[in-house]
Amino acid sequence: EVVPINIIKTGENEKKYIGRVILLRNITPFKELDFAKTNFIATISHELKTPISAIKMGVQLLENQKFGELNEQQKELLKSINEDGQRLLDITGELLNLSQVETGNIRLNIEPCSPKEMVQAAIKNVEKLAEQKNISMITQYEIEDGDAVAADFDKTVWVMNNFLSNAIKHSFQDETILIRVERKESTVSFSITDTGKGIDEKYHRQIFDRYFQVPGEHQNGTGLGLAISKNFIEKQHGEIGVKSSLNQGSTFYFMLPVK
Ligand code: ADP
């Protein structure tokens with residue numbers, strides 16, 4: 001921490017800068033606490049997964065009406081229990097992902113991957129979500145046949161899914177999302193552009209921090225998706241970023257080395 005020292009000498013009116021004090025603080029205890037918290041989160045989210053899955057399974061059994069007919073109100077209740085259960089599972093999954101990257105307990109399976117196959121897998125996962133808002137997704141490939149990236153297929157598709165579901169969430173009805181894959185020297189760049197409300201430049205640095213959500217928005221979510229994405233991409237020796245301005249839509253991109 002750098003503290004500038006300004007004084008007003010006796011009998012004078014003007015403030016004068018006379019130097020600065022540099023404070024060095026040992027943050028080891030904070031780092032240790034942070035590490036302990038990460039481990040705690042990992043344990044909790046792991047332990048929660050089993051009972052939540054059991055709740056969801058129970059709901060599904062009831063929904064099948066094997067144990068008796070359900071009236072409309074009961075069906076509605078089961079539907080919302082199922083949705084809340086899914087949301088809890090998603091959140092615990094994200095917390096577990098994050099803590100695994102932070103503790104270094106993540107195993108990447110890096111192999112040559114086809115960019116087209118990864119994009120197609122990601123699109124498939126969010127098709128239903130896009131349909132609900134009548135959003136179309138178009139793809140543009142500027143790569144050679146046979147171009148492959150050195151990546152972990154599942155983790156990279158996870159990042160693309162996160163970009164795509166954010167793009168859908170922040171787009172208006174009936175809009176189009178563009179997915180571009182381009183060869184840039186020794187990397188392949190994947191970018192996802194939406195025409196939604198965009199993100200003010202002043203938040204671009206924080207957007208990849210854990211738990212950060214743009215203030216003033218009441219959304220579902222944890223603020224963890226982009227933090228996990230950054231970790232996944234950087235662990236794969238890639239680069240991640242955003243280009244966006246308010247009311248101009250957003251482009252989220254990442255680049256991975258060519259195999
Ligand atoms: P979550 O979506 O769970 O809140 P993320 O880490 O995925 O968490 O995103 C962090 C924040 O960044 C979001 O809360 C949202 O405010 C903003 N954001 C992400 N993607 C977009 C986008 N495509 N358009 C506008 N804002 C976005």
Value rounded to 0.5 Å, distance of NZ in K155 from CD1 in I233: 11.5 Å
Identified side chain to side chain contact (heavy atoms under 4.5 Å, CB included) partner of I52 from the options D84, I91, L89: L89
Derivation and outcome, side chain to side chain contact (heavy atoms under 4.5 Å, CB included), residues I179 and S191: CA-CA 6 Å; I179 303 151; S191 67; over 6 Å; no
Test item: I55 and L88 side chains (from C-beta on) under 4.5 Å apart, heavy atoms: no
Whether over 12 other heavy atoms sit under 6.0 Å from K37 NZ: yes
Distance-only side-chain donor-acceptor flag, N82 / Q86, under 3.5 Å: no
Chi angles and distances behind the side chain to side chain contact (heavy atoms under 4.5 Å, CB included) call for Q140, L178: CA-CA 8 Å; Q140 262 178 20; L178 174 67; 4.0 Å; yes
E175 and D194, any side-chain heavy atoms less than 4.5 Å apart: no
Joint cluster assignment, V21 & I18, ILVMFWY side-chain distance < 4.5 Å: yes
Heavy-atom donor-acceptor pair, Q236 side chain to F232 backbone, under 3.5 Å: yes
Atom pair CG/OG1 of N161 and T156 - distance to nearest 0.5 Å: 11.0 Å
T139 side chain reached by I123 side chain, heavy atoms, under 4.5 Å: yes
Member of M160, R180, E182 meeting the side chain to side chain contact (heavy atoms under 4.5 Å, CB included) criterion with F190: M160
N162-S229 side chain donor-acceptor pair, cut-off 3.5 Å: yes
Short side-chain donor-acceptor distance under 3.5 Å, N109 and D152: no
Cluster link L33 to I41, ILVMFWY, side chain under 4.5 Å: no
Presence of salt bridge, R183 and E142, under 4.0 angstrom: no
Derivation and outcome, side chain to side chain contact (heavy atoms under 4.5 Å, CB included), residues E1 and I22: CA-CA 6 Å; E1 201 181 330; I22 299 173; over 6 Å; no
Salt bridge (Lys or Arg N to Asp or Glu O under 4.0 Å) contacts touching residues 230-239 (sequence neighbours left out): K230-E234
Full working for salt bridge (charged side-chain N to carboxylate O under 4.0 Å, His left out) between E63 and K75: CA-CA 7 Å; E63 273 176 339; K75 279 185 197 160; over 6 Å; no
Hey, can you pull the donor-acceptor pairs under 3.5 Å for the side chains in residues 245-257, sequence neighbours left out?
from : atom 1 : to   : atom 2 : distance (Å)
S250 : OG     : S244 : OG     : 3.1
T251 : OG1    : T193 : OG1    : 2.9

Interatomic spacing from CD1 in I207 to CD1 in I240 - rounded to 0.5 Å: 11.5 Å
Any donor-acceptor N/O pair, K133 side chain to F172 backbone, under 3.5 Å: no
In one Ile/Leu/Val/Met/Phe/Trp/Tyr side-chain cluster, 4.5 Å: L226, Y211: yes
Any donor-acceptor N/O pair, D209 side chain to F212 backbone, under 3.5 Å: no
Electrostatic pair K259:E111 at N-O distance under 4.0 angstrom: no
Gap separating the CG atom of L164 from the NZ atom of K124, nearest 0.5 angstrom: 14.5 Å
N39 side chain near F35 side chain, heavy-atom distance below 4.5 Å: yes
I192 side chain reached by M137 side chain, heavy atoms, under 4.5 Å: no
Co-membership, hydrophobic cluster, residues V214 and F208, 4.5 Å side-chain: yes
Spacing of T38 atom OG1 and D34 atom CG [to the nearest 0.5 Å]: 5.0 Å
Side-chain touch I138/I177, heavy atoms, less than 4.5 angstrom: no
Any donor-acceptor pair under 3.5 Å from H170 side chain to T195 backbone: no
Atom CZ of F30: over 12 foreign heavy atoms under 6.0 Å: no
E12, CD: over 12 other non-hydrogen atoms inside 6.0 angstrom: yes
Under 3.5 Å: donor-acceptor pair, side chain of D147, backbone of E144: yes
Over all atoms of both residues, closest heavy-atom pair of R20 and P4: CB-CA, 4.1 Å
Short side-chain to backbone donor-acceptor contact, N64 and K66, under 3.5 Å: no
N166 side chain near K169 side chain, heavy-atom distance below 4.5 Å: yes
Main-chain N/O of G93 paired with K49 side-chain donor or acceptor, under 3.5 Å: no
Rounded distance (nearest 0.5 Å) linking atom CD1 of I7 with atom CD of E14: 13.0 Å
Common cluster, L96/I44, ILVMFWY with side-chain heavy-atom separation under 4.5 Å: no
Min side-chain heavy-atom separation S189-V181 under 4.5 Å: no
